[in-house]
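Each remark here refers to the structure printed beneath this line.
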Amino acid sequence: MAEFDFSGVIIEWRGPAPYHFVALPDWVAEQIAVVARAVSYGWGVIPVESTIGDTTWTTSLFPRNGGYLLPVKDAVRAAEQVGLGSTVGITLRLRGL
């Protein structure tokens, strides 16, 4: 399983409802792009397991502007006491490899 450690800032993207994400650093997005076709289950979405602090969850990366956004669920933000604008350390594991 491919694993990446990085930090990023929690941002908000307003679609039909507001969602919170962390944009993956370019170096991570570039490495994921190499295996994206093998692990995507459609529309460029990549299944992952993510950890912030003591909280681990499964989700999917969303392609955006040549990179990827990691959704950070409400339950994760509450458990780790982080929010919009917080810088967080993340461990990201690709599922399906």
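Fair warning: this is a prediction, and the values are worked out from it, not measured in the lab.
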A side-chain contact here means heavy atoms from C-beta on lying under 4.5 Å apart; do [X] and [Y] qualify?
{"X": "W13", "Y": "R64", "result": "yes"}
{"X": "V48", "Y": "S60", "result": "no"}
{"X": "E3", "Y": "L92", "result": "no"}
{"X": "P71", "Y": "F62", "result": "yes"}
{"X": "V39", "Y": "R95", "result": "no"}

Would you indicate whether D54, at its atom CG, is surrounded by more than 12 heavy atoms from other residues, nucleotides or ligands within a distance under 6.0 Å?
no

Which residues pass the side-chain contact (heavy atoms from CB on, under 4.5 Å) test with A36, sequence neighbours left out?
I46, Y68

Closest non-hydrogen contact found for T55 with A79 is OG1-CB, 3.6 Å

Do you know which two heavy atoms are closest between W57 and V72, and how far apart they sit?
CZ2-CA, 4.2 Å

Within this structure, what is the CG-CD1 distance for the pair L70 and I90, rounded to the nearest 0.5 Å?
5.0 Å

Return the CG to CG distance between L69 and L61, rounded to the nearest 0.5 Å.
8.5 Å

Return the set of residues passing side-chain hydrogen bond (donor to acceptor under 3.5 Å, both in side chains) with [X] (not counting sequence neighbours), or none when no residue passes.
{"X": "S86", "result": "none"}
{"X": "T51", "result": "T56, R93"}
{"X": "S7", "result": "none"}

What do the steps show when you test V35 against L94 for side-chain contact (heavy atoms from CB on, under 4.5 Å), and what is the final call?
CA-CA 10 Å; V35 297; L94 296 182; 3.7 Å; yes

In a table with atom names and distances, give each donor-acceptor pair under 3.5 Å that connects a side chain of residues 22-31 to protein atoms at least two apart or in another chain.
none

Enumerate the salt bridge (charged side-chain N to carboxylate O under 4.0 Å, His left out) contacts for residues 66-80, please, sequence neighbours excluded, ordered by first and then second residue.
D74-R77

